[in-house]
Number of protein chains: 4
Amino acid sequence: MSTQRESAPNTARRNEASRRAILMAAFDLVGEVGYAKLSIEGIAARAGVGKQTIYRWWPSKGAVLFDAFLALAEGSDDSSALPDTGDLQADLTTVLRATVEEFGDPRFDTPMRALSTEIAHDPALAEMYAERLDRPMRELKKERLRSAQRTGELPADLDLDVAIDLVWGPLHNRWLHRSGPLTPEYAEALVATALNGLRHASASE
Amino acid sequence: MSTQRESAPNTARRNEASRRAILMAAFDLVGEVGYAKLSIEGIAARAGVGKQTIYRWWPSKGAVLFDAFLALAEGSDDSSALPDTGDLQADLTTVLRATVEEFGDPRFDTPMRALSTEIAHDPALAEMYAERLDRPMRELKKERLRSAQRTGELPADLDLDVAIDLVWGPLHNRWLHRSGPLTPEYAEALVATALNGLRHASASE
Amino acid sequence: MSTQRESAPNTARRNEASRRAILMAAFDLVGEVGYAKLSIEGIAARAGVGKQTIYRWWPSKGAVLFDAFLALAEGSDDSSALPDTGDLQADLTTVLRATVEEFGDPRFDTPMRALSTEIAHDPALAEMYAERLDRPMRELKKERLRSAQRTGELPADLDLDVAIDLVWGPLHNRWLHRSGPLTPEYAEALVATALNGLRHASASE
Amino acid sequence: MSTQRESAPNTARRNEASRRAILMAAFDLVGEVGYAKLSIEGIAARAGVGKQTIYRWWPSKGAVLFDAFLALAEGSDDSSALPDTGDLQADLTTVLRATVEEFGDPRFDTPMRALSTEIAHDPALAEMYAERLDRPMRELKKERLRSAQRTGELPADLDLDVAIDLVWGPLHNRWLHRSGPLTPEYAEALVATALNGLRHASASE
DNA sequence: CTGTAACCGAGACGGTACGTCACGTCTTGGT
DNA sequence: ACCAAGACGTGACGTACCGTCTCGGTTACAG
C-alpha cells in the first residue's frame, strides 16, 4: 500500500529551472517592494513563468517565500557551529552582535520580516518553519550551551529551550516590533543580564 | 504653534456614531475573517458607512485596527497597576500566567496577532503603538520593578528596559511564532530563569 | 409599491463617455480580430476602462456587441422606408442587391456574423435582437408589401411574415453559411422566384 | 499523385478506438454543455485520451465536431431519398414537418446549432461542410425536384439551387435565429407559398 | 433663520491582483 | 510511432478591493 495523496502533482516531472527562478524572483521582489506588495503575478512575471506553475506547487505566497529562504539557508553555510572560546558570555555577545548587524541590513530585514509575520498568521507555515529552519539553528545554539554545561559555566539542570528564548527572544522581539534601538550595547546588556539574572545583574562586572 | 496638516478634516464635525461603528466593525471582522481578508470595503459595509468616511479619517487598514484596539484599551481598566505582594517572582508569575491565558483566547489572539504583524511592517504604526499602547503598559511594569528595587529584591542599577524585555519578550515571541507550547509552566520557568539568571537557574528553589 | 430588481445598478450614475467608448471599442475590435478572439479585457483596454465597468452593465460579450450594433443602428438613418416605385419586383431587387453589397463589405460582414452566431446561442440575446433590431426592419419591409397589396400586386390574404422570410431568408442563409456565391444575379433570381413561385418561375419574363 | 501535407501523421498507425471515443465524447459534450463551453481538454478527459492525440489529428475544436457529425451521418440512413408520391407539395410538406420536429429535439438542436455557427466563422470548415454534408443532402432534394420537373409539376428551366434555398432557407433561418415560432403550420405555409409564389399565394387551395 | 459648506451613505470608476480554466506545445514513460 | 498523462508559458476569465471621484441628503455653523 502506498500513501495516496489527493491529486498531488507528480514531483518527478517538475521543471527545476522554473522552481529556482520562482524562488529567486520571490526573494528578490520581497526585498524590493515589500511583502504586502509582493504578488504571485509579480513573481511569475519576474521569473518568466506562468502563474499556474506557482499555484501548482505552492499553496500560498508565504509558502513560496518560505521555500526561497530554505533554498538560501541550505545553500549557505548556516550549518556552521557557534563560536566556542570557552567564555560563554563573550561568545554569545559576539553572536548577538552579528545578529544585530544582520537585522540592520535591509537585504535581510525586509524578507525576514515578511517571513516572520507570515508565519504568525499561518500555523502550517509555522510548523514548516519550526521544523526546517528554526530547529537546526536552535540545535546549534543548544550545542554551545551544552558545552558550557560541560565546563560548569551553566548548571546541568538548566532548561536549554528557556535559556535560548531568554537570550534570543528579546532581541528578535525588539527587532520585529521596533520597540527600541537595536544596538551592540543592547546585545551586550541582554547577554549579561540573561546570564546573571535580574537579581545579580551587576555581577558580570 | 500648531501642526498644520494639509486639508485636515474638521474633527469637530465628525460623526461619533460612525466612528464607533467603524472601530467595532473592524475589530469584529478581524476576529471573524483574519487580518489578511479584512478589507476597508468590508468594514464600511459592516459599519453601514461609506468608504470615504473611513478614508477621510484613517490612512490605512492598520490604523483603523489600531484605533479599534486603542478604544478597547481605554474602555477597559488596563490602567490598573501590576500586583505587588512584596514577592516579585510570585507577582510576575501571576501576571505572565494571566497573559498566557489571554493569548489562548481566540477573541484576543486573532486581532492581537493582526496588530502585531501590521506593526512589524509599518514603522509609523509602530511609533503610534509604542507611544499609545506599549509605553503605558511598560510604565506599569517598570513601576513594579522599581518597587522591587526599593525593597532590595532587584539591584538599583538594573536597566529596567532590558529587564522587561527579558521577562516579557520570550513569552510574546513564543506566542507570535508558535515556537513552542504556551503553558503556565513556561511562564513560571521564564520568570524564575530571568530573575536568577542562567548561571544560577536553580537558585530560586 | 415599486418594481424591485435585485441589485440592479443605478443607471442614473452611469458614465456615458465610458459606455460609448466601450461600444465603439467592441465594434472596432470585432472587426479587427473577429468574434472568437474578441475579449472583455481587450475591449476594456481599448476603451480605457476597467473590466468591472463592462461587467457591471452587460451580462456577456455578446450583449456588449449587440448594444454596439444598436447604437450604430439608432445613429444611422435605418428608419428610412424601402423604395416604392410601384414596381414591387424592381424595388425588392434593388434592396436585395444593396444587401448583397453590404454583406460583401468586411466592415459589416465580420461584426454582423458575430452578432448572428451569438444570437443563435443566446435566447435572451435573440429576444433582444428580435425586439430592437429585427422588428423595426421587418416593419419597414411589411409596409412595402402592404403597399403592394393595396395596388393589387400582392393578394390581400398573403401572410406577410412568411413572405418576408421567403425573400430575405435564403439570402441571409447563403451569406451566413457561405453555401453559395452571393451575387446580384442571385438576388434577382431570388426575388423573381419568390414572387412568382416555383411553379411559374419563368412567368416573370 | 497524392496531396503531400507537411509532416502528416501516419494514418495507418492511427488508433481507431481513440478516434471513435473522441468523436463520441465531442458530440455528447456539445449537447451537455454547449459549444461555447466545449473544450479540447474536456473532450480528451471524457474520451480517456491525451490532448495530443486530438491535436495530432484535428486542426480545431470545430473540425472534431464536424467529424463527429460526419460519423453520425454516415452511420445513419441519411442517404435515403426524399418521398415521392407524385404530389410535390405534399411530399415537401412531409419533409419540412419532419425537419421542424428534429429541430425541436434538444439532442439535435444543440450540436447542430454549434456546427452551424462554427461554420459561419470558419471558411475552411464551411467548405468541408458544403462538400461532405450539405452537397449529398442537396443532391437528394434536387433529385426530388427533378422528378417534379419530369412530371411537369415544376418548369424545366427552374434553377434548382434557388428553389431549394427558397424552401429550406427560411426554415433553417427561423430555427437558427429563433426569429419566429417553428410549427408544422409554418412548414405548410412555407411550402405552399414557395411553390405558388407570393403573387398567387392563395392559389394552392 | 437661512444659506452654504463639510460630512455623510452610496456606489461608479480606472485599476491591480486574485485563483481558475483552457489553450496549444512539450516531454516522459509505457505498449 | 503512437499513445496517456500532464507540466509548461500564455492569456482570458469573472470577482474582490483598492483608493478616488461624484452624487444627493443632512447637519451645524456663519452671516
Chi angles and distances behind the side chain to side chain contact (heavy atoms under 4.5 Å, CB included) call for C/Y35, C/T110: CA-CA 8 Å; C/Y35 184 74; C/T110 310; over 6 Å; no

Whichever of D/N15 and B/P59 has its nearest DNA chain F nucleotide further upstream toward 5': D/N15

Steps toward salt bridge (Lys or Arg N to Asp or Glu O under 4.0 Å) verdict (A/R46, A/E41): CA-CA 8 Å; A/R46 166 79 71 111; A/E41 296 223 333; over 6 Å; no

Distance in angstrom units between D/Y55 OH and F/dC2 P, rounded: 19 Å

Length of the CZ-P vector between C/R19 and E/dA12, whole Å: 16 Å

Phosphate OP1/OP2 of F/dC8: any A/W57 side-chain N/O under 4.0 Å: yes

Phosphate contact (F/dC2 OP1 or OP2) by D/S18 side-chain N/O below 4.0 Å: no

Residue C/R56, side-chain atoms from C-beta onward, closest of E/dA12, F/dC3, E/dC7: E/dA12

Geometric class of the D/F69/D/F27 ring pair [parallel <30°, tilted 30-60°, perpendicular >60°]: perpendicular

Annotated protein contacts, base or backbone, on nucleotides 24-31 of chain F with a non-hydrogen cut-off under 4.0 Å, one of B, S, - each: ---BB---

Nearest atoms (heavy-atom pairs only) where A/D122 meets A/S60: OD2-OG, 4.4 Å

Under 3.5 Å donor-acceptor, C/T117 side chain and C/R113 backbone: yes

Residue pair C/L23, C/W58: steps toward the side chain to side chain contact (heavy atoms under 4.5 Å, CB included) verdict: CA-CA 11 Å; C/L23 261 23; C/W58 289 276; 3.6 Å; yes

Proximity to DNA chain E (any heavy atom under 4.0 Å), residues of residues 28-54 of chain A only: A/S39, A/I40, A/E41, A/K51, A/Q52

Geometric cation-pi criterion, A/K61 with A/F66: 6.0 Å, 45°: no

cation_pi(A/R19, A/W57) dist<6.0 Å, angle<=45: no

